[in-house]
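Along the sequence shown, residues carry numbers from 1.
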Amino acid sequence: MQLARLTQPIRNTICAGMKTAVEGQDMNAPDKNPAATLSDGVVDWLTTGTHNERFIDNIFAEMCIRIQQTGIPLKRSTLHVLIQHPQWLGARFMWADGMREAEIARVDFDVRERSEYIGSPANEMQNGATEVREDLEQDPALGRKHALYDEMRAKGLTDYVAWPLYHTLGKRHLVTFATDRPGGFDAAHITALKKLLPVLALVSEIRIKNRLARTLLETYVGSHAGELILAGATRRGTGTTVRAAIMICDLRDFTKISDNWPRDDVIDLLNDYFDAMSDPIARYGGEILKFIGDGLLAIFPLSQPDACANLLRAVTEARRAMAALNERNNGTGRAPLNYGIGVHVGDVMYGNIGSSSRLDFTVIGPAVNMASRLEALTKQVGKPVLLSRDFAELVDREFELERVGKHAVRGFSDPIELFAFGPSART
């Protein structure tokens with residue numbers, strides 16, 4: 001959920017055979033030109049040596065290590081990027097001396113109202129600054145006032161510089177460098193680091209946009225469907241047959257609620273309801289394929305171990321979450337929310353359906369229709385969760401089910417034996 005891959009370590013060794021520009025030289029040699037070293041080494045590596053690396057945090061950490069290898073006294077560096085994600089404004093990658101991988105922190109949307117942002121270099125960049133340079137050796141009373149600078153002084157850092165990182169269409173991100181060298185960075189160090197910026201901007205934009213495409217697909221069509229689409233499954237009518245447990249959920253009395261409640265309250269209610277239902281589905285390996293107004297469609301492919309049992313475990317957790325939500329709503333005078341869930345199992349066609357220019361990656365088939373009809377029957381039967389016999393036979397040894405008899409189901413010729421899933425399960 002999250003930017004890039006948040007935990008995979010970078011390679012523990014630098015590419016075999018790589019020669020740095022300082023190989024065999026005295027690191028403190030007075031005639032060493034760090035700007036030329038970077039131009040011949042790190043910049044070239046960023047340009048031609050990173051095409052097989054998918055994640056920007058790996059590239060960033062290795063870049064910092066290579067900067068050190070040129071003799072530039074880099075002690076700490078950060079990369080701050082804005083992203084399009086439903087939960088976070090952006091992310092910060094932080095590298096410090098001795099680290100083999102970058103530390104990643106997510107940035108919340110409300111950060112701009114917090115003290116950690118106000119007066120920070122990121123705040124200055126947002127307001128149009130093209131450089132922030134802070135001499136950390138000088139009297140703190142003479143410098144900028146922010147907790148970040150105090151923190152860096154406490155760690156023995158002597159100089160700090162931040163620059164905007166320009167992506168296309170006016171997008172500005174931020175990169176920073178700090179050192180503990182007495183006297184700070186010299187002019188040659190600054191020149192060398194500046195030479196990195198255009199190439200780092202290009203390399204980071206490619207990775208961030210790749211991650212953005214993946215994030216948007218995961219957000220709007222689900223992780224599995226997103227992977228298939230990125231892999232090229234975009235032709236209309238293409239798909240595969242998948243055997244899966246299908247779950248369709250619908251909120252009761254939503255029309256009445258939407259007609260009588262303020263718009264913002266309705267949106268908040270829907271978001272809370274979908275959180276209560278969706279989080280357990282994802283946690284137990286289900287995939288939500290779509291939200292339809294106040295309803296959702298999810299599948300648990302039977303290729304996963306215990307898929308059917310996991311669906312009911314997700315329903316159990318969702319029931320608890322809905323009870324907690326209703327208790328909170330009761331404190332504000334809102335009526336409790338009710339829902340219906342229909343569950344079936346069978347073969348579905350999983351793939352691209354739609355017009356020539358607008359496709360939907362979803363599932364169709366009689367099994368989906370059955371789950372939808374069972375959800376509608378929850379109103380008539382008076383049970384919030386109804387299961388088909390086909391599904392119930394796969395889980396009846398693990399969960400306590402209630403037989404509710406045979407019922408006519410619209411669109412199906414024979415009555416269907418139904419089971420209700422109550423709050424008490426034996427697992």
Side-chain angles (χ1 to χ4, degrees), residues 1-3 6 83-91 105-111 113 214-226 245-258 260-301 304 307 309-343 361-363 371-372 375 378 384-385 421-423 425:
M1 130 118 96
Q2 325 136 357
L3 176 74
L6 297 183
I83 59 174
Q84 288 179 280
H85 191 280
Q87 293 175 277
W88 310 299
L89 174 67
R106 301 163 182 169
V107 180
D108 296 330
F109 279 102
D110 64 352
V111 68
E113 283 75 49
R214 195 171 299 273
T215 297
L216 291 176
L217 285 170
E218 289 172 354
T219 300
Y220 287 99
V221 302
S223 58
H224 184 254
I246 305 110
M247 168 183 171
I248 293 182
C249 179
D250 190 63
L251 184 65
R252 295 287 174 256
D253 301 320
F254 178 68
T255 300
K256 180 180 177 181
I257 291 170
S258 59
N260 292 286
W261 289 19
R263 181 203 64 183
D264 289 349
D265 285 353
V266 172
I267 293 173
D268 288 343
L269 176 146
L270 276 177
N271 287 337
D272 290 343
Y273 154 67
F274 282 133
D275 278 344
M277 288 291 173
S278 303
D279 290 350
I281 292 172
R283 189 157 46 250
Y284 283 100
E287 181 170 8
I288 295 174
L289 295 178
K290 63 173 61 184
F291 295 101
I292 313 164
D294 60 329
L296 65 83
L297 165 64
I299 63 170
F300 289 70
Q304 301 174 5
N310 282 337
L311 186 153
L312 291 190
R313 292 181 183 114
V315 169
T316 300
E317 284 199 13
R319 179 187 287 116
R320 296 192 192 108
M322 286 296 294
L325 174 60
N326 282 332
E327 187 174 346
R328 292 196 304 271
N329 284 343
N330 185 56
T332 60
R334 293 177 175 175
L337 300 176
N338 298 307
Y339 57 88
I341 297 175
V343 179
F361 207 97
T362 187
V363 291
S372 177
E375 181 279 314
T378 59
V385 183
F421 176 53

### Query
Does R319 make a cation-pi contact with F421, if we ask for NZ or CZ under 6.0 Å from the ring centre and within 45° of the axis?
yes
Atom pair [atom1]/[atom2] of [X] and [Y] - distance to nearest 0.5 Å:
X    : Y    : atom1 : atom2 : result
W261 : D268 : CH2   : CG    : 10.0 Å
D272 : L337 : CG    : CG    : 8.5 Å
L296 : L289 : CG    : CG    : 10.0 Å
D279 : I288 : CG    : CD1   : 8.0 Å
T316 : R313 : OG1   : CZ    : 9.0 Å
S372 : I246 : OG    : CD1   : 11.0 Å

Report yes if some heavy atom in the side chain of [X] is under 4.5 Å from a heavy atom in the side chain of [Y]; otherwise report no.
X    : Y    : value
M322 : L325 : yes
I292 : I248 : no
V315 : M247 : yes
N310 : L312 : no
I299 : V363 : yes

### Message
Looking at R252 and D250, is there a salt bridge between them, counting it only when a charged N and a carboxylate O are closer than 4.0 Å?
### Response
yes
### Considering all heavy atoms, the nearest G340-E375 contact
O-CG, 3.5 Å
### Summary
When every non-hydrogen atom of F274 is compared with those of G293, the smallest separation belongs to CZ-O, 3.5 Å
### Message
Looking at F300, is its backbone amide N or carbonyl O close enough to the side chain of E287 to form a donor-acceptor pair, meaning the two atoms are under 3.5 Å apart?
### Response
no
### Message
Could you check whether any side-chain N or O of Y273 sits under 3.5 Å from a backbone N or O of N338, counting only pairs where one atom can act as donor and the other as acceptor?
### Response
no
### Message
As a quick check of understanding, evaluate side-chain contact (heavy atoms from CB on, under 4.5 Å) for F291 and L270, giving each step before the final call.
### Response
CA-CA 11 Å; F291 295 101; L270 276 177; over 6 Å; no
### Task
Using the test side chain to side chain contact (heavy atoms under 4.5 Å, CB included), find all partners of P280 that sit at least two apart in sequence or belong to another chain.
R283, A314, E317, A318
